[in-house]
Novice: 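Here you go, one structure.
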Amino acid sequence: MAKKDKTLKEILDLILYENPSTQDEIAERLGITRRYVTQLLQPLVKDGTVKRAYMIDLKSYEKFTESLVDYSPSNTAGNVLINDMLANMAKHVHSQLEASFDAVVENDEDKAKKALEMDYATNNMVEKVRTSVETILNIDKHTEFSKSLLYTEIAYDLERIGDYCGHIAKFAINEVYQIDKVVMKNLKKMYKTAQSMIRLAITAFIEAKTELKDDLVELEESIHILQAKSINLIATQMAESSFDEKERSNYFIYLFRVIKAFERMGDISVEMMDVAIEFHDNIPRPTTPRSFR
């Protein structure tokens, strides 16, 4: 892709995802001159692809990006747009998970609240993907309906991961006891494993790297082992505590939820990989629920 086309794509991405209000803001964020921004955008403003201040007409964008189709591993401009949106959403969910777990490690209630606030943006991103898929289906009647719906499914899976981030953040807010060092060590490993699994799954879908499934399954096994170890440790601690300590009992219940949240993130990542394999390799997903396989 030519340098000019790449810069224009960066400008359009900025408008799509970060809503700059002026050309000066666009120039500052990308480290280029305002004059160059004007030069690149002027033809698109004239034909209505870009509207002041600054929005993109999706239908016009579809036509325009045909000239930039080599930017994406997919073959249609619609795929370029949705893949970019999903990549942006996955990045946001990674940050949401990081904020949630940092709140637990640092016992920081403010970080936990910030992580919960991030979930509103996650939910909005799902809606954007859904409406964009519907728009593309209306624009291009030849688009394969069943495959296009898989984009929305990936977005909903990322939203579910965001929901489990909320469970972790809520634990940080309600936490009244210090987590056992061994349990915390296992939680840190589960956190890193979950982050890696989400990253592999979204890469497999966006970049058609379904060969990553073996790596993902290996990580899934490790997160289940860590889950079992952590549950056994907590069960031992519970047995040593008095049943009359209601606050202590609630603490253990919330801690179990954190462990379950990481395990569910791993399962959802494998489900996303199954979607990627169906999308790219045309291999239908298993119909049996994961818990019964």
Side-chain angles (χ1 to χ4, degrees), residues 13 17 65 69-97 122-123 125-137 140 142-165 190-224 261-293:
D13 283 347
Y17 304 124
T65 50
V69 70
D70 61 343
Y71 171 81
S72 169
S74 302
N75 295 322
T76 69
N79 287 343
V80 171
L81 175 64
I82 304 299
N83 281 341
D84 282 352
M85 294 176 79
L86 288 174
N88 190 57
M89 185 177 179
K91 183 179 178 182
H92 176 79
V93 169
H94 277 293
S95 298
Q96 187 180 348
L97 176 53
T122 305
N123 295 338
M125 288 176 176
V126 173
E127 189 61 22
K128 283 186 176 181
V129 171
R130 187 187 65 78
T131 55
S132 296
V133 168
E134 289 179 356
T135 301
I136 288 167
L137 286 169
D140 185 359
H142 300 291
T143 301
E144 190 174 341
F145 179 77
S146 59
K147 280 201 170 184
S148 294
L149 291 181
L150 296 180
Y151 285 115
T152 305
E153 194 164 332
I154 291 291
Y156 279 124
D157 284 338
L158 289 171
E159 181 192 32
R160 289 163 64 204
I161 291 172
D163 289 340
Y164 284 109
C165 291
M190 292 184 81
Y191 162 73
K192 289 181 180 179
T193 304
Q195 286 278 37
S196 297
M197 292 183 74
I198 297 165
R199 190 171 293 110
L200 284 175
I202 199 68
T203 299
F205 185 83
I206 293 176
E207 300 181 21
K209 293 184 177 180
T210 54
E211 69 275 8
L212 294 172
K213 182 168 184 178
D214 289 342
D215 295 334
L216 191 68
V217 169
E218 187 175 331
L219 289 172
E220 183 190 28
E221 290 175 2
S222 67
I223 208 168
H224 284 161
F262 284 127
E263 187 255 350
R264 285 299 299 132
M265 288 178 193
D267 288 345
I268 292 168
S269 298
V270 176
E271 290 170 13
M272 290 167 65
M273 176 63 76
D274 289 340
V275 173
I277 291 171
E278 180 173 330
F279 187 89
H280 295 291
D281 300 341
N282 294 313
I283 300 174
R285 283 168 289 167
T287 56
T288 306
R290 290 195 54 72
S291 56
F292 292 100
R293 291 181 207 168

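Fair warning: this is a prediction, and the values are worked out from it, not measured in the lab. Heavy atoms only: backbone and side chains are in, while hydrogens, waters and symmetry mates are out.
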Novice: About how many Å separate CE of Met273 and CD1 of Ile154, when rounded to the nearest 0.5 Å?
Specialist: 9.5 Å

Novice: Go through the structure and list residues passing salt bridge (charged side-chain N to carboxylate O under 4.0 Å, His left out) with Glu159, not counting sequence neighbours.
Specialist: none

Novice: Inspect the surroundings of CD in Glu218 and state if more than 12 heavy atoms from other residues, nucleotides or ligands are less than 6.0 Å away.
Specialist: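 Atom CD in Glu218 is not crowded, with 12 or fewer foreign heavy atoms closer than 6.0 Å.
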
Novice: Which of these passes side-chain contact (heavy atoms from CB on, under 4.5 Å) with Ile202: Leu158, Asp157, Val93, Asn83?
Specialist: Leu158

Novice: Mind checking the NE2-CE spacing from His92 to Met125? Nearest 0.5 Å is all I need.
Specialist: 5.0 Å

Novice: Using side-chain heavy atoms (C-beta onward) and a distance below 4.5 Å, is Val270 in contact with Leu216?
Specialist: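 Sidechains of Leu216 and Val270: in contact.
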
Novice: Enter the distance from Leu97:CG to Phe262:CZ here, rounded to the nearest 0.5 Å.
Specialist: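 Reported value, rounded in 0.5 Å steps: 6.0 Å.
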
Novice: Nearest heavy-atom pair of Ser148 and Val133: which atoms, and what distance?
Specialist: O-CG1, 3.6 Å

Novice: Can you tell me how far CZ of Arg264 sits from OH of Tyr164, rounded to the nearest 0.5 angstrom?
Specialist: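 Output value for this atom pair is 4.5 Å.
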
Novice: Do you know the tightest heavy-atom contact between Ala201 and Ser269?
Specialist: CB-O, 3.3 Å

Novice: Identify, with sequence neighbours excluded, every residue that meets side chain to side chain donor-acceptor pair (under 3.5 Å) alongside Lys209.
Specialist: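 For Lys209 the side chain to side chain donor-acceptor pair (under 3.5 Å) partners, ignoring immediate neighbours, are Glu207.
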
Novice: Who are the salt bridge (charged side-chain N to carboxylate O under 4.0 Å, His left out) partners of Arg199, not counting sequence neighbours?
Specialist: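 Expected list: none.
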
Novice: Just verifying a value: how many Å separate Ile82 CD1 and Ile206 CD1, rounded to the nearest 0.5 Å?
Specialist: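 So the CD1 of Ile82 and the CD1 of Ile206 are separated by 11.0 Å.
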
Novice: Is Gln195 reaching over with its side chain to a backbone N or O of His94, donor-acceptor style, under 3.5 angstrom?
Specialist: yes

Novice: Can you tell if the side chain of Ile161 reaches within under 4.5 Å of the side chain of Met272, non-hydrogen atoms only?
Specialist: yes

Novice: Between Asp163 and Arg160, does any side-chain N to carboxylate O distance fall below 4.0 Å?
Specialist: no

Novice: What class does the angle between the rings of Phe279 and Phe205 fall in, given that below 30° is parallel, 30 to 60° is tilted and above 60° is perpendicular?
Specialist: tilted

Novice: Calculate, to the nearest 0.5 Å, the distance between atoms NZ and CG belonging to Lys128 and Leu81 respectively.
Specialist: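 So the NZ of Lys128 and the CG of Leu81 are separated by 10.5 Å.
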
Novice: Any side-chain heavy atom of Met197 sitting closer than 4.5 Å to one from Glu220?
Specialist: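 They are in contact (side-chain heavy atoms under 4.5 Å apart), so the answer is yes.
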
Novice: Would you name the heavy atoms of Ser222 and Thr193 that are closest together and state the gap between them?
Specialist: OG-CG2, 3.7 Å

